[in-house]
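This report refers to the structure that appears directly beneath it.
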Number of protein chains: 2
Amino acid sequence: MDRFVSTFTNKIDAKGRVSIPAPFRAVLERDGYGGGIYCYPSLDAPALDAGGERLAQKIDGLLAGLPDYSDERDELSVALYGDVQVLAIDGDGRIVLPQPLRTHAGLQSEVTFVGLGEKFQMWAPERFDERRRAAREKVQEHRKLLGRAARSDGSEGDGA
Amino acid sequence: MDRFVSTFTNKIDAKGRVSIPAPFRAVLERDGYGGGIYCYPSLDAPALDAGGERLAQKIDGLLAGLPDYSDERDELSVALYGDVQVLAIDGDGRIVLPQPLRTHAGLQSEVTFVGLGEKFQMWAPERFDERRRAAREKVQEHRKLLGRAARSDGSEGDGA
DNA sequence: TGGATAATCATGGGCGTCAATGGATCGTTA
DNA sequence: TAACGATCCATTGACGCCCATGATTATCCA
């Protein structure tokens, strides 16, 4: 199994360190681990996107299609690479979140890790709760359309 | 890993020296380091482009595609080579930015190093923030076009 | 089946190393 | 000799690395 699933909430300690949930670490290790995870601010949410090599290659793939020295490439490069931070994982499976990233996601003392398949997100727990509540409502609406819904409600299980 | 990634902000001291971020130095050393970095004003941004041997070869490659003695080649040669400076790296991993380059990028007391894969840029922090903000907006627009390549946060229906 | 034991994982703290930064020294040159 | 540049040295603060603790879960045996 190579996907990030489930949600976990861990604490940020005095040094700004957070443990990556062990199941996520296991996925990262299978995913050609290159010394760290790739992390950047989510484009449309107060959260951080993160993943391993597979995610990095996806970003490269986006740029590979554009000609060198084109305006689009330059802009996309700045937007994609410019925001990306490579976060080293220490011997205990923890990362340090730099201040700019913490600010974007509004992270204070806890981080909720949300598995999204090939990548995962990091949220401030309160904001994620809010988001999840909104998502539930939408799912309720879609349910009628989807018939038997894709997920009955497996999205909780976070340890908080 | 052979690419410049992440962003770092370092200070310019009274003598005009700046430390190159250690991770970037590591990339430069692997990249056939020849005693200095190639640096020139970005063609379309108030920033400086820089890199090692690989970047130099890329510039050569661009020119190689144009016929000798053509106007385009002459112009491009001047545009590309004309402003290139080879900046020596001192024993502590620092470079000195000549005044013309600093002027082009509007560098005052701090420099933001932005990894862009095969090269990196140096920005005045304020200008980079501005540029990044603009780039992110554009990416949001393009996002639908990029579609499943960029996003995987399928809020419903997990990734394949 | 229940309890004891072992293993895994999150969390906190201490310590050594390295990088960034500032200053001093030496050599070169006008 | 004065000014500039380049190399070297020192300080400080951050980061990586190691170990200890506690809690929860899984395993094994009685």
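Just so we're on the same page: letters track the sequence lines, and every chain starts at 1. Every value quoted in this text rests on a predicted model; they were computed, and no experiment measured them.
One cannot find a donor-acceptor pair under 3.5 Å joining the base of D:dG16 and the side-chain atoms of A:Arg94.
With rounding to whole Å, B:Asp13 atom CG is found 18 Å from D:dT11 atom P. For the pair A:Leu97 CG and D:dA14 P, the computed distance is 17 Å after rounding to whole Å. When the P atom of D:dC17 is taken as reference, atom CD1 of A:Ile95 falls 15 Å away, rounded to whole Å. For A:Ile89 and D:dC17, the CD1 to P distance is 12 Å, given to the nearest whole Å. Between the CG atom of B:Asp92 and the C1' atom of C:dG23 there is a distance of 12 Å, given to the nearest Å. Atom CD in A:Glu110 sits roughly 8 Å away from atom P in C:dT11 (whole-Å rounding). Protein atom CD of B:Gln99 is 16 Å distant from nucleotide atom C1' of D:dG5, rounded to whole Å.
Residue contacts shown for A:Ile20 are limited to sugar-phosphate atoms, with no base heavy atom under 4.0 Å away. A:Asp90 comes within 4.0 angstrom of nothing in the nucleic acid, heavy atoms only. Within the nucleic acid shown, B:Ile12 has no heavy atom closer than 4.0 Å to any nucleic acid atom.
Closest to the side chain of B:Ala22, out of C:dT11, C:dA20, C:dG14, is C:dA20. The listed nucleotides are C:dA10, D:dC18, D:dC8; the one nearest the side chain of A:Asn10 is C:dA10. The side chain of A:Lys11 lies closest to C:dT11 when the candidates are D:dG16, C:dG14, C:dT11. Checking D:dA6, C:dT11, C:dG14 against the side-chain heavy atoms of A:Lys15 singles out C:dG14 as nearest. Taking only side-chain atoms of B:Arg17, from C-beta outward, the nucleotide of D:dT7, D:dC18, C:dA20 with the closest atom is D:dT7.
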Walk me through it: do B:Asp2 and B:Asp31 pass the test side chain to side chain contact (heavy atoms under 4.5 Å, CB included)? CA-CA 8 Å; B:Asp2 263 27; B:Asp31 177 37; 6.0 Å; no

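In summary, B:Glu118 and B:Lys58 engage in a salt bridge, as defined by a charged side-chain N under 4.0 Å from a carboxylate O. Electrostatic pairing of B:Lys15 and B:Asp13 does not count as a salt bridge here, judged by no charged N lying under 4.0 Å from a carboxylate O. Note on A:Asp83 versus B:Arg136: salt bridge recorded, some NZ/NE/NH1/NH2 to OD/OE distance being below 4.0 Å.
Residue B:Arg25 places none of its side-chain N or O atoms closer than 4.0 Å to OP1 or OP2 of C:dC18.
Taking 4.5 Å as the limit, every side-chain heavy atom of A:Val111 sits out of range of all side-chain heavy atoms of A:Thr9.
Ranked by how close their nearest DNA chain C nucleotide is to the 5' end, A:Ser19 and B:Pro23 are led by A:Ser19.
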